[in-house]
Every structure is written in C-alpha cells, then in structure tokens.
Amino acid sequence: MLQYVNVMIDGAPVRAEKGTSVLDTAIHYGICIPHLCHIPGIHDMGACRLCIVEEVKNGRSKVTASCTLLVEDGMVIKSNTDKILKMRKNIAELLVAQAPNSKAIQDVAVRCGVKDVRYPFRNENCVLCGRCVRICKERAKANALGFIGRGKDRHVDHPPGRLMDYCKNCNGCIMFCPMSVTPCGGPMKKGQERLCGQCDSQLNADAQKMPGVCVWCELGKGFQCSRYLAV
Ligand code: SF4
Ligand code: SF4
Ligand code: FES
C-alpha cells in the first residue's frame with residue numbers, strides 16, 4: 001500500500017509519496033527547482049548541484065541537493081530563498097563557463113538569472129553529470145560506460161574490462177547528454193565563447209519575476225527539465 005507524507009515546500013503544504021525525492025515532489029506541484037543531472041525514474045547522483053534547497057530543521061537550515069533528498073513527514077523545504085537563488089546562479093554561471101557549447105546549460109543559466117559570466121570559459125565537452133552512465137546502466141541495461149580517473153582526470157569512457165561490445169547502440173547516452181545540442185548559433189569557437197540569451201528563447205519578463213514557479217518555459221526543453229521528460 002502506498003504511504004504518503006506531508007511536506008511544506010516554499011510555504012505550500014503538499015502531500016508526497018514516501019520514497020519520492022523533494023525535487024520530484026516540487027516539480028509535480030509546479031514549483032521550479034532548476035536541475036540538470038536528474039532524469040525521472042533514474043537514480044540520482046547529485047552531480048550538478050543546481051537543485052539545491054534549504055532544509056529547515058529545529059530552527060537551523062542546511063543546504064542540500066533536492067534530487068537526492070527523500071521526503072519525510074513534517075519536512076520544511078525552502079527552494080527559492082535569496083541565499084539559494086544566489087548560490088544556484090553561481091553554480092549555473094560556473095557550468096556555462098565550463099561548457100558554453102551546450103544549449104541545455106546556456107538555457108539553465110538563463111533560468112537561473114545569469115546575466116554575465118565572470119569565470120574564464122573552458123569550453124569542455126563534458127560536465128560529468130553522469131546522465132549517460134546512468135541511462136546506459138539503468139535504461140539500456142548495458143553498463144558500457146563509467147567514470148574513470150579522479151580529480152581533473154575524471155572522465156566518462158568504457159571502463160577497463162567492460163568492452164565496447166557491451167554497447168547496444170541505443171543512442172541513449174547521446175540523447176540524454178546535455179552537450180548533445182549546441183546553442184542556436186552553432187558551436188562557439190575557442191576564444192569567442194559567450195553567454196547566449198539574445199534570442200527569443202529568453203524567459204519573458206513575467207517568468208523572470210517568478211523564479212520559484214514552473215511557467216513551462218520553453219527553456220525547460222533545452223535544459224531537459226524533467227517536467228518535459230515526465231509527460
Ligand atoms: S549507445 Fe551504448 S553506451 Fe550509449 S547508452 Fe546505449 S548501450 Fe550505453
Ligand atoms: S558525456 Fe554528457 S551525459 Fe555524460 S557525463 Fe558528460 S556531460 Fe554528462
Ligand atoms: S544535483 Fe540534483 S539535479 Fe543535479
């Protein structure tokens with residue numbers, strides 16, 4: 001039998017199935033918590049940190065990723081405090097500096113209110129979100145990909161002992177990779193990277209005033225918002 005708990009998210013009392021994450025619950029109720037590494041129905045690893053929220057307990061608050069935080073009865077969550085918005089914006093800014101050639105990341109930066117990138121562009125082709133690894137393991141059941149190395153050498157590849165033959169050519173790793181679609185103007189050349197946001201994919205002014213509300217923004221498709229993947 002399904003069990004439910006009562007949770008407060010941004011002042012709204014909501015009912016959630018036990019075992020559900022705070023992020024999935026928020027999205028279900030139309031609360032916008034930007035996210036990148038989360039895929040509905042696939043285990044979360046809390047890699048991108050965009051989905052951070054404040055969990056308030058005994059008068060203290062703790063910042064934590066909402067995709068790996070399971071709902072508990074009486075839980076109090078704040079997903080859009082000034083502190084969270086500022087931290088999330090900074091995380092989005094770092095991501096777009098790391099990988100400006102991802103439309104998904106450019107879009108999430110817009111949704112998080114990034115207007116300027118203060119960090120040097122690195123133009124990397126992977127942000128280690130692990131979406132490919134988890135899709136390969138949990139949906140394709142191929143387990144052909146994994147993380148290799150540590151620190152700055154960490155990357156995704158076919159791990160030793162797991163032959164490329166494990167790959168079922170399902171294309172899942174490519175379809176779910178945030179790097180698979182470049183910004184509308186095409187890939188940016190080294191030295192010419194910039195923040196997008198000049199085109200009509202920008203959030204309209206009303207949506208910008210409502211960072212905590214899901215407005216079904218078109219950007220959601222770009223950053224693979226699970227609201228779109230779940231329908
Ligand atoms: S194409 Fe191959 S490596 Fe990619 S998800 Fe499918 S099985 Fe895994
Ligand atoms: S290859 Fe793509 S999906 Fe895989 S970890 Fe890197 S950015 Fe994420
Ligand atoms: S850390 Fe939660 S969506 Fe990436």
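Counting starts at 1 for both ligands and their atoms, following the listed order.
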*Asks:* Looking at R15, is its backbone amide N or carbonyl O close enough to the side chain of Y29 to form a donor-acceptor pair, meaning the two atoms are under 3.5 Å apart?
*Replies:*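 Yes, the answer is positive, given that a donor and an acceptor are paired below the 3.5 Å cut-off.
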*Asks:* So does K103 pair up with D107, basic N to acidic O under 4.0 Å?
*Replies:*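 Result for this pair is yes, salt bridge flagged.
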*Asks:* Hey, which atoms in ligand 3 end up nearer than 4.0 Å to a heavy atom of H38?
*Replies:*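 Those of ligand 3 that fall under 4.0 Å from H38 are 3 (S).
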*Asks:* How far is atom 1 (S) of ligand 3 from its nearest protein heavy atom, and which residue and atom name does that atom have?
*Replies:*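 The closest heavy atom on the protein side is R49 N, 3.2 Å.
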*Asks:* Out of all atoms in ligand 2, which are within 4.0 Å of some heavy atom of V156? Include the element for each.
*Replies:*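 Listed by number with element, the hits are 5 (S).
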*Asks:* Could you name the option among C177, A99, G130, C173 that has the heavy atom nearest to atom 2 (Fe) of ligand 2?
*Replies:*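 It is C177 that holds the nearest heavy atom.
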*Asks:* Provide the number and element of each atom of ligand 3 under 4.0 Å from a heavy atom of C48.
*Replies:*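 Listed by number with element: 1 (S), 3 (S), 4 (Fe).
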*Asks:* Test side-chain hydrogen bond (donor to acceptor under 3.5 Å, both in side chains) on R118 and N90; report intermediate values, then the result.
*Replies:* CA-CA 10 Å; R118 296 162 297 168; N90 195 50; 3.0 Å; yes
*Asks:* Should you measure from each heavy atom of A142, which atoms of ligand 1 turn up under 4.0 Å away?
*Replies:*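 Reading through ligand 1 atom by atom, the close ones are 7 (S).
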*Asks:* Which of the numbered atoms in ligand 3 are under 4.0 angstrom from any heavy atom belonging to C51?
*Replies:*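 Going through ligand 3 atom by atom, the ones under 4.0 Å from C51 are 1 (S), 2 (Fe), 3 (S).
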*Asks:* If you measure from each non-hydrogen atom of A47 to ligand 3, which part falls under 4.0 Å: side chain, backbone, both or neither?
*Replies:*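 Backbone only.
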*Asks:* Hey, are D44 and T68 close enough side-chain-wise for a donor-acceptor pair under 3.5 Å?
*Replies:*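 No.
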*Asks:* For ligand 2, is any non-hydrogen atom under 4.0 Å from L128's backbone (N, CA, C, O), its side chain (CB onward), both, or neither?
*Replies:*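 The part of L128 near ligand 2 is the backbone, not the side chain.
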*Asks:* S79 and side-chain contact (heavy atoms from CB on, under 4.5 Å): which partner among I31, V22, L23?
*Replies:*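 The side-chain contact (heavy atoms from CB on, under 4.5 Å) with S79 is passed solely by I31 among I31, V22, L23.
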*Asks:* What atoms of ligand 2 come within less than 4.0 Å of a heavy atom belonging to C126?
*Replies:*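 Listed by number with element, the hits are 1 (S), 5 (S), 6 (Fe), 7 (S).
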*Asks:* Return yes if a side-chain donor-acceptor contact under 3.5 Å exists between E55 and T64, otherwise no.
*Replies:*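 On atom types as modelled, these side chains do not qualify, holding no pair under 3.5 Å.
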*Asks:* Can you measure from SG (C136) to NZ (K168) and round to the nearest 0.5 angstrom?
*Replies:*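 It comes to 8.5 Å.
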*Asks:* Going by the atom numbers of ligand 3, which of them fall below 4.0 Å from some non-hydrogen atom of C67?
*Replies:*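 Contacts of ligand 3 toward C67, numbered from 1: 1 (S), 2 (Fe), 3 (S).
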*Asks:* Just so I know, are the side chains of V215 and M210 near enough to count as touching, which here means a heavy-atom distance under 4.5 Å?
*Replies:*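 Contact flag for V215/M210 side chains = yes.
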*Asks:* Which atoms from ligand 2 have a heavy atom of V127 less than 4.0 Å away?
*Replies:*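 Result: 6 (Fe), 7 (S).
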*Asks:* What protein heavy atom sits nearest atom 8 (Fe) of ligand 1, and how far off is it?
*Replies:*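 Checking every protein heavy atom, the shortest distance to atom 8 (Fe) of ligand 1 gives C136 SG, 2.4 Å.
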*Asks:* Give the numbers and elements of all ligand 1 atoms closer than 4.0 Å to a heavy atom of L145.
*Replies:*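 The list of qualifying atoms is 3 (S).
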*Asks:* Within this structure, what is the CG-CZ distance for the pair L128 and F147, rounded to the nearest 0.5 Å?
*Replies:*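 Taking CG in L128 and CZ in F147, the distance rounds to 5.5 Å.
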*Asks:* Whether the N125 and N101 side chains hold a donor-acceptor pair (N or O, under 3.5 Å, no angle test) is what I'd like checked.
*Replies:*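 No - no donor-acceptor pair under 3.5 Å links their side chains.
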*Asks:* Taking Q106 for its side chain and R194 for its backbone only, find out whether a donor-acceptor pair lies under 3.5 Å.
*Replies:*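 Such a contact is found between Q106 side chain and R194 backbone.
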*Asks:* Nearest to atom 6 (Fe) of ligand 1, what protein heavy atom do you find, and at what distance?
*Replies:*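 Result: C170 SG, 2.3 Å.
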*Asks:* Using a strict cut-off of 4.0 Å, indicate which atoms of ligand 2 neighbour a heavy atom of M179.
*Replies:*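 Those qualifying, in numeric order: 7 (S).
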*Asks:* So does C129 have any N/O/S atom less than 2.8 Å away from atom 8 (Fe) of ligand 2?
*Replies:*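 An N, O or S atom of C129 is closer than 2.8 Å to atom 8 (Fe) of ligand 2, so yes.
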*Asks:* Considering heavy atoms of the protein only, find what lies nearest to atom 7 (S) of ligand 1 and give residue, atom and distance to 0.1 Å.
*Replies:*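 Going atom by atom, the protein heavy atom closest to atom 7 (S) of ligand 1 ends up being K168 N, 3.1 Å.
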*Asks:* So which protein heavy atom does atom 4 (Fe) of ligand 2 come closest to, and at what separation?
*Replies:*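 Protein heavy atom at minimum distance: C132 SG, 2.2 Å.
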*Asks:* Any idea which atoms of ligand 1 are less than 4.0 Å away from a heavy-atom of N171?
*Replies:*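 Contacts of ligand 1 toward N171, numbered from 1: 1 (S), 6 (Fe).
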*Asks:* Do L195 and V96 have side chains that get closer than 4.5 Å, going by heavy atoms?
*Replies:*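 Yes, their side chains come closer than 4.5 Å.
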